[in-house]
Peer 1: 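One structure, pasted below without further comment.
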Protein chains: 2
Amino acid sequence: MLLSTKGDYGVRALIDLAKHVGEGPVQRAEIARRRQIPESYLDHLLAQLRRDGYLRSTRGPGGGHELAKASDEITLLEVLESLEGSLVPIECVNEEPGSAAGALCGQQWVWQDIYTLMLERLGGTTIADLVEHENQHEQRFAATYKI
Amino acid sequence: MLLSTKGDYGVRALIDLAKHVGEGPVQRAEIARRRQIPESYLDHLLAQLRRDGYLRSTRGPGGGHELAKASDEITLLEVLESLEGSLVPIECVNEEPGSAAGALCGQQWVWQDIYTLMLERLGGTTIADLVEHENQHEQRFAATYKI
DNA sequence: TAATTCACGACAAGTTGAGTCAAGATTCTA
DNA sequence: TAGAATCTTGACTCAACTTGTCGTGAATTA
C-alpha cells in the first residue's frame with residue numbers, strides 16, 4: 001500500500017472543511033463523525049496540515065478548523081506528500097537515471113514513467129475537484145455523509 | 001513506498017537468471033554477488049518465486065537456480081504481486097465503486113485511474129524487456145554487473 | 001564418504017502504522 | 001472570575017512489517 005490511513009483520513013478532513021467554507025470553524029468532533037475518523041487520531045493529522053499551512057485552528061467555544069487557502073489551490077499531491085512523505089513507488093526512482101544504483105535496480109525506467117503520470121494526475125487534482133465529484137454523487141450518498 | 005526491497009531484489013534475481021539461460025543452474029551466491037543482494041535474504045525471495053512457479057532449484061555441487069518459464073512470459077506485474085502482495089495504492093481502490101466506503105474515501109476515482117494505468121504498464125512489461133533494456137545499456141554498466 | 005548447494009524455520013532488531021490518553025493552553029460566556 | 005468548550009502536544013502502546021541472520025537438515029555429486 002502506497003498510502004496509509006493518514007493520507008486517506010487527512011484528505012477526508014480537508015474535503016469536509018472545503019464543504020463548509022463560510023460557515024465558521026468546523027469542530028474536530030464534527031469532522032470525525034461525518035467522515036468516520038477516530039477523533040483523537042484526527043488530531044495528529046490536523047496538526048500536520050496546520051503546520052504545512054492548509055488550515056488554521058481556533059480554540060475555545062465556537063472554535064474549530066478552517067481552510068487557510070482556497071480549495072482549488074490545494075492539490076491532492078501536496079496534501080498527500082504533507083501527510084505521507086514522498087510518494088515514490090520504489091526506492092530507485094530517486095536514483096540518478098544512468099547511475100549504477102539505478103541500473104542495478106533494473107526496473108527504474110518502468111516506474112519513472114508510472115511515477116511521472118501519477119504526479120501529473122495528483123498535481124492536477126484539487127480539493128475542490130474532490131468536493132465537486134462528491135457533490136455530483138450527493139443524492140446517492142447523502143445518508144452516508146450525514147449532512 | 002509501494003515496493004519494499006523484496007520486489008526490487010526479487011526482480012533483480014530474475015533478470016540475472018534470464019541473462020544466464022542456457023548456461024545451467026546459477027548459484028545463489030553468484031546472483032547475490034552480481035546484483036548486490038544479501039545472500040541469506042535472497043533465500044527467502046527465491047523460495048517465494050519457486051513456490052509460485054517462476055524458477056526451479058537443484059541441490060548439490062553444480063546446483064543452483066533456473067527460470068522455469070521463458071523470460072518473455074513472466075510479467076513484472078505477476079512477479080511483484082508474488083513478492084509484495086497486492087499493489088493497490090490506497091485501500092479504497094478495493095471498495096466497490098459506488099459503495100459507501102468508496103464514497104467516504106473521496107479520492108477513489110483519482111486512484112482507480114492511476115492504478116489501471118499501473119497495471120497496464122506492469123502487465124505489459126516482461127523480464128525479457130528488462131533484460132533487453134539492460135543489454136542496451138550494457139557498455140556503460142558492464143563494470144557494475146561484474147559479468 | 002566428503003564436499004557442495006539448496007531448503008526451511010527460528011529468531012531478532014528496528015521502523016512504521018494506528019491509535020489512545022492525559023495534561024495543558026486558549027477562548028468564550030455567564 | 002469561574003467554568004465550559006476546544007484545540008495542542010507529547011508520551012505511550014500494541015501489532016505488523018521489513019530486513020535481515022543463523023543453524024540444522026536434505027539432496028546431490030565426485
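Order of the sequence lines sets the chain letters (A, B, ...), proteins ahead of strands, with each chain counted from 1.
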Peer 1: What orientation do B/H44 and B/Y41 show, parallel under 30°, tilted 30 to 60°, or perpendicular over 60°?
Peer 2: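 B/H44 and B/Y41: perpendicular rings.
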Peer 1: Round to the nearest Å and state the distance from A/R33 atom CZ to D/dT6 atom P.
Peer 2: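 Nearest whole value for this atom pair: 13 Å.
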Peer 1: Please list, chain by chain and in numerical order, all residues satisfying salt bridge (charged side-chain N to carboxylate O under 4.0 Å, His left out) with B/D16, sequence neighbours excluded.
Peer 2: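 Partners of B/D16 under the salt bridge (charged side-chain N to carboxylate O under 4.0 Å, His left out) test: B/R34, B/R35.
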Peer 1: Donor-acceptor pair, distance only, cut-off 3.5 Å: does the side chain of A/E84 make one with the backbone of A/G7?
Peer 2: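 Yes, A/E84 side chain to A/G7 backbone: donor-acceptor pair under 3.5 Å.
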Peer 1: Does anything in residues 34-114 of chain B pair up under disulfide (SG to SG under 2.5 Å), and if so which pairs, sequence neighbours excluded?
Peer 2: B/C92-B/C105
Peer 1: Between A/T126 and A/D129, do the side chains contain an N or O donor and an N or O acceptor separated by less than 3.5 Å?
Peer 2: yes
Peer 1: Closer than 4.0 angstrom, basic N to acidic O: yes or no for A/K19 and A/E134?
Peer 2: yes
Peer 1: Strictly distance-based, threshold 3.5 Å: is any side-chain N or O of B/E91 a donor or acceptor partner for the main-chain N or O of A/S4?
Peer 2: no
Peer 1: Spell out protein contact along nucleotides 17-22 of chain D as letters: B when the base is contacted, S when just the sugar-phosphate is, - when no protein heavy atom is under 4.0 Å; keep the 5' to 3' order.
Peer 2: -SBBB-
Peer 1: Hey, is the main chain of B/E95 close enough, under 3.5 Å, to the side chain of B/S99 for a donor-acceptor pair?
Peer 2: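 No: the side chain of B/S99 does not pair with the backbone of B/E95.
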Peer 1: Run the side-chain donor-acceptor check on residues 70-77 of chain A: report pairs under 3.5 Å with partners two or more places apart or on a different chain.
Peer 2:
from  : atom 1 : to    : atom 2 : distance (Å)
A/T75 : OG1    : A/E78 : N      : 3.1
A/T75 : OG1    : A/E78 : OE2    : 3.4

Peer 1: Where along residues 57-68 of chain A does a heavy atom come under 4.0 Å from DNA chain C, residue by residue in number order?
Peer 2: A/R59, A/G60, A/P61
Peer 1: 5' to 3' on DNA chain C, which nucleotides open and close the contacts with chain B (atom under 4.0 Å from a heavy atom)?
Peer 2: C/dT4 to C/dA10
Peer 1: Should B/L117 and A/W109 be regarded as members of a common hydrophobic cluster, given that ILVMFWY residues are connected when their side-chain heavy atoms come within less than 4.5 Å of each other, either directly or indirectly?
Peer 2: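 No.
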Peer 1: So, OP1 or OP2 of D/dT8: does either fall under 4.0 Å of a side-chain N or O from A/R56?
Peer 2: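 Answer no for this pair, as no side-chain N or O of A/R56 is under 4.0 Å from OP1 or OP2.
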